[in-house]
Amino acid sequence: MTVARKRKSIVNRGSFRVLGIETSCDETSVAILKISKNSVEILHHEIASQIPVHEIYGGVVPEVAARLHVKETVELLDRAMATHYSLLTTHLPFDVIAVAQGPGLATALRVGIDAARTLAFALEKPIVGVNHLEGHLASAWLVSENRKHWKFPILFLLVSGGHTELVLMKDFCSYRVIGRTRDDAAGEAFDKTGKLIGLSYPAGPQIAKLAENGNPRAFDIPRPMINDPSFDFSFSGLKSAVRRLWEKMPQVVRAKKKTRVDLCASIQEAIVDVLVAKTIAAARKHRPQQLAIVGGVSANHHLQERLRQAVKKELRGVSLLKAARGLHTDNAAMIAAAGAWHFRRGERHDWRKIDAQPEWDL
Amino acid sequence: MRNVTLKHGKDCKRFRVSTENDWGELAEYVAGKLKPGSIVAISGELGAGKTTFVKALVTALGNRRSVVSPTFALMRSYKIAKRGNLKRLLHLDAYRIEHEHELLALDLDEELGDGHTALVIEWPENISKWVKKQVGVTAVIIK
Ligand SMILES: Nc1ncnc2c1ncn2[C@@H]1O[C@H](COP(=O)(O)OP(=O)(O)OP(=O)(O)O)[C@@H](O)[C@H]1O
Ligand SMILES: [Mg+2]
């Protein structure tokens, strides 16, 4: 069978399975998705490097760059294959491989890419390189309810430890970044201000937890660039502001539980205010059909709630789409999903040539 | 306002940087000294202005891409043109590095040894063993 006919048969069957591989920074993850005409099913999904730190906060401390991901990648792939390989039919559990190609750490990305190329070569399967950020957007598409409302253009707020971007998705595989952070990401602002006031890493979930009992107006924290006409963000000023506040505070005041919860509430409010204001302003200008929030910080309930209220009040007919449960942070299911978008359009990479693109923009 | 001390071997220079927009002069000075293999270790507390300085440095090196904090990415790379053999600036942030063995994942020695690369580091204290092994490190201390 020629390669062209083989390709056609997979897509024409109406259903295909994607093996996703993600190793772009701290996490190592492998997933298998089954994409059919009217459904998307996660057949298999595993994230290796997450170590739960504290039950209450539900935070995770991934080992930086997961050393080289090699051990985890091999183990995860092995398990995915062993679980889904059918001895009876000798059918491989996937038709195409999707791998995160960038942005990310070159050495980390290459672990996933090398694994993908090896499989592509040995098993004669097509390979699709995926932008990690596009993967985050696809994490919202993995919710079946969201897929029913998937009308373009969709405005995405992508917020995580490493990213703060406003992205307009005009169609599958067609994006425009209309705003981004100029210095620190929103998740970084949470983690670093938390560290300044003595919380342990990762401070983001702890701030959110403590903020529940605090007064968000107790401290005056700046909202950098909130009135700037661009849709860019800046969060580095928050660090300096919180540090000055903290350093001026007498030890007895610092030690009070009330100070802490109020400060957490005030910090969270400042960050959320900026995120909501910019997202709504961008939506007013670009008139998307839907709004979506994805990325690690999008799991923050206060952000979700504030954005939901703002959308209801200010954007008629627009609903707020959220990432699938458990898929806010880096994972391979979202990479497989974005890979499926490209594969459906007939895109493939040559396994001999695909390489990491550490600075890849969306 | 920030007071910056620059140390290279026995040389010691002091700069005063009035506002966040005034890092240019220091950046030009440091950029002028960068060669392939150069390492600049930038120290200072959280929010001192390490990344702000690297922004100015990348601008001084003629790259107009905007520099963002590499804390989560760990490392970013910036292309450099018209500086002879120096073709690339790596921006490493060791803030999240807890054990120096994690550095292995970055292939730093190999990257730096390619004859075209200089390196700037935020939070060099977190990888002090590795930094001490390097020769000719320029220290930038921001207060
Ligand atoms: N010369 C200056 N005078 C006053 N403020 C400054 C000056 N330079 C920078 N700043 C401000 O200080 C903050 C520095 O943030 P930046 O992210 O650069 O710090 P950093 O040292 O990289 O922090 P981190 O430890 O989180 O990496 C910014 O808000 C910036 O506007
Ligand atoms: Mg910094």
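What you see is a predicted model; the values in this text were computed from it and never measured.
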Within 6.0 Å of CD in B/Glu25, more than 12 heavy atoms from elsewhere: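 Atom CD in B/Glu25 is not packed in, count stays at 12 or less.
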Within 6.0 Å of CD in A/Glu247, more than 12 heavy atoms from elsewhere: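 Correct, the count exceeds 12.
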Selection from A/His163, A/Arg180, A/Lys239 maximising heavy-atom pairs under 4.5 Å formed with chain B: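 Max contact count across the listed options: A/Lys239.
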Straight-line distance of B/Thr71 OG1 to A/Asp184 CG, nearest 0.5 Å: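 With rounding to 0.5 Å, OG1 (B/Thr71) is 6.5 Å from CG (A/Asp184).
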CG on B/Leu46 to OG1 on A/Thr193, rounded to 0.5 Å: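 Answer rounded to 0.5 Å: 9.0 Å.
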Which atom of [X] lies closest to which atom of [Y], heavy atoms considered:
X	Y	answer
A/Gly162	B/Phe72	CA-CB, 3.7 Å
B/Asp107	A/Thr107	OD2-CG2, 3.6 Å
B/Val68	A/Thr181	CG1-O, 3.4 Å
A/Ser240	B/Gly47	OG-O, 3.7 Å

Any A/Lys195 side-chain heavy atom under 4.5 Å of B/Tyr95 side chain: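 They are in contact (side-chain heavy atoms under 4.5 Å apart), so the answer is yes.
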Note, A/Lys192 side chain near B/Ser69 side chain (heavy atom, < 4.5 Å):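 Yes. Closest side-chain heavy atoms under 4.5 Å.
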Options B/Ser77, B/Ala73, B/Ser66, ranked by heavy-atom pairs under 4.5 Å with chain A, top entry: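 Heavy-atom pairs under 4.5 Å are most numerous for B/Ser77.
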Heavy-atom contact with chain A under 4.5 Å, split by part of B/Glu45: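 Contact with chain A: backbone and side chain both.
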Lys/Arg N to Asp/Glu carboxylate O, B/Arg65 vs A/Glu359, below 4.0 Å: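 Answer for the salt bridge query: yes.
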